[in-house]
Number of protein chains: 2
Amino acid sequence: MDNEKVKELELTLSMERFIQAELLLLLKQKPSHGYELIQRLDDSEFKSAEVDAATVYRNLRRMDKEGMIKSQWEVGESGPGRRLYKLTTQGEEYLIVWTQYIVRQKIKLENFLEAYLRFNQ
Amino acid sequence: MDNEKVKELELTLSMERFIQAELLLLLKQKPSHGYELIQRLDDSEFKSAEVDAATVYRNLRRMDKEGMIKSQWEVGESGPGRRLYKLTTQGEEYLIVWTQYIVRQKIKLENFLEAYLRFNQ
DNA sequence: TAATACTATATGCATGTTGCAAATAGCCGA
DNA sequence: TCGGCTATTTGCAACATGCATATAGTATTA
C-alpha cells in the first residue's frame, strides 16, 4: 500500500470500526465464514461487548468490496450456502495499519489513566 | 449512583464519546469554559486526534443537561460572555465509571495486540 | 476609521455507523 | 409439520461526528 492510501486509511480508522481489526485478525489465523466468525469473536478475549450479526456481515461485505478480504460462495453437502472469507495481501497490510493505530490508542488510554491517577494521587 | 444507573451508563459508553471522559477529567482538575477546554485538550497527551470545537461544545451542553457538569454564564470585563463549567458529584461518579470502562478497553486492546504478536511468531 | 483577527458559543446539514427487527432459505430432529 | 439451528441480507430509526456557517464582543493595526 502506498503512503497516501495508508494516510487515508488512518484518517477513517476509529474504534467504532474495531470490529474490522478483530475480523482481519481472525481471518489471518484461518479462513472462515461469517457465522463462524461471530462465534470465534464471541470466544476471543478482544471481542467488543456483544457481537451484532448484522454488523459483522456488513463489515465483511465492505472489506470484501474494498479488497481487504476475498469471498467465495460455498454450497456444502448440508446446510445453507455460505461465504468463505480469506485475508488478501492488502488485508494483511491493512491489519498492520490497524495494529499501529491500536498501539497508539492504547497509549492514549494509558495517558488518560495516568493523568487520572496522578490527580487522585 | 445506583447500580441500575451505572449499568445503563456503561451500555451507552463507547470510545466514540471518549471526549466526554477527557472533558470530565479536565474539569476535575479545574473548572473551565469551552474555549479553554479546547486548548487544554489540545495540550493533553490523551487528546483524540484533532479536537472539533462543535463536538466539544455539544458534549458540554449534553453533560450539563444530564447533570454531570454545571454551567454558569459569565460576563467578564472584556470579551464575549462565556459559560464556566464545573464538575458535579454525579460527574465525578460518571468519571469513575468511564475510568473503569477505559481500563477494560485497554485490556481489550492489549489482548488484541497479544493475539496479533502470538500469531506473527 | 475600516479591516482583520481573536475570543466564545451555537446550529444546520450531510454523512457514516450502529442495533434491532425482520425477511429469506436450507436442513434436521421430534 | 413445527420448531430450531445454520447462514446471510436488508430496512429503518437513532445517534454522533465533521465541516461550514452564523453570531457577537473585543482588540489590534493599517
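Just so it is clear: chains get the letters A, B, ... in the order the sequence lines come, proteins before strands, and each one is counted from 1. All values derive from a computational prediction rather than experimental measurement.
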Counting only side-chain N and O atoms of [X], is one of them less than 4.0 Å from OP1 or OP2 of [N]?
X: R61(B); N: dA10(C); answer: yes
X: H33(A); N: dA7(D); answer: yes
X: R83(A); N: dT9(D); answer: yes
X: Y57(A); N: dT9(D); answer: no

Over how many whole Å does the gap from [X] atom [atom1] to [N] atom [atom2] extend?
X: E66(B); N: dC15(D); atom1: CD; atom2: P; result: 11 Å
X: I38(B); N: dG18(D); atom1: CD1; atom2: C1'; result: 14 Å
X: R62(A); N: dG16(C); atom1: CZ; atom2: P; result: 10 Å

- Message: Assess whether a salt bridge exists between R62(B) and E66(B), defined as any Lys/Arg side-chain N lying under 4.0 Å from an Asp/Glu carboxylate O.
- Response: no
- Message: Under 4.0 Å between a side-chain nitrogen and a carboxylate oxygen: does that hold for E92(B) and K28(B)?
- Response: yes
- Query: In terms of the angle between their ring planes, are W98(A) and Y94(A) parallel, tilted or perpendicular, with boundaries placed at 30° and 60°?
  - Reply: perpendicular
Kindly point out which of [options] is positioned nearest to the side chain of [X]?
X: A54(B); options: dA8(C), dT11(C), dT9(D); result: dT11(C)
X: N59(A); options: dT9(D), dT9(C), dT18(C); result: dT18(C)
X: T55(A); options: dT18(C), dA8(C), dA10(C); result: dT18(C)

- Message: Does R58(A) reach a base, just sugar-phosphate, or nothing at all? Heavy atoms under 4.0 Å.
- Response: base
- Task: Show the numbers, then the answer: is there a side chain to side chain donor-acceptor pair (under 3.5 Å) between Y101(A) and Q105(A)?
- Result: CA-CA 6 Å; Y101(A) 174 73; Q105(A) 286 295 308; 3.3 Å; yes
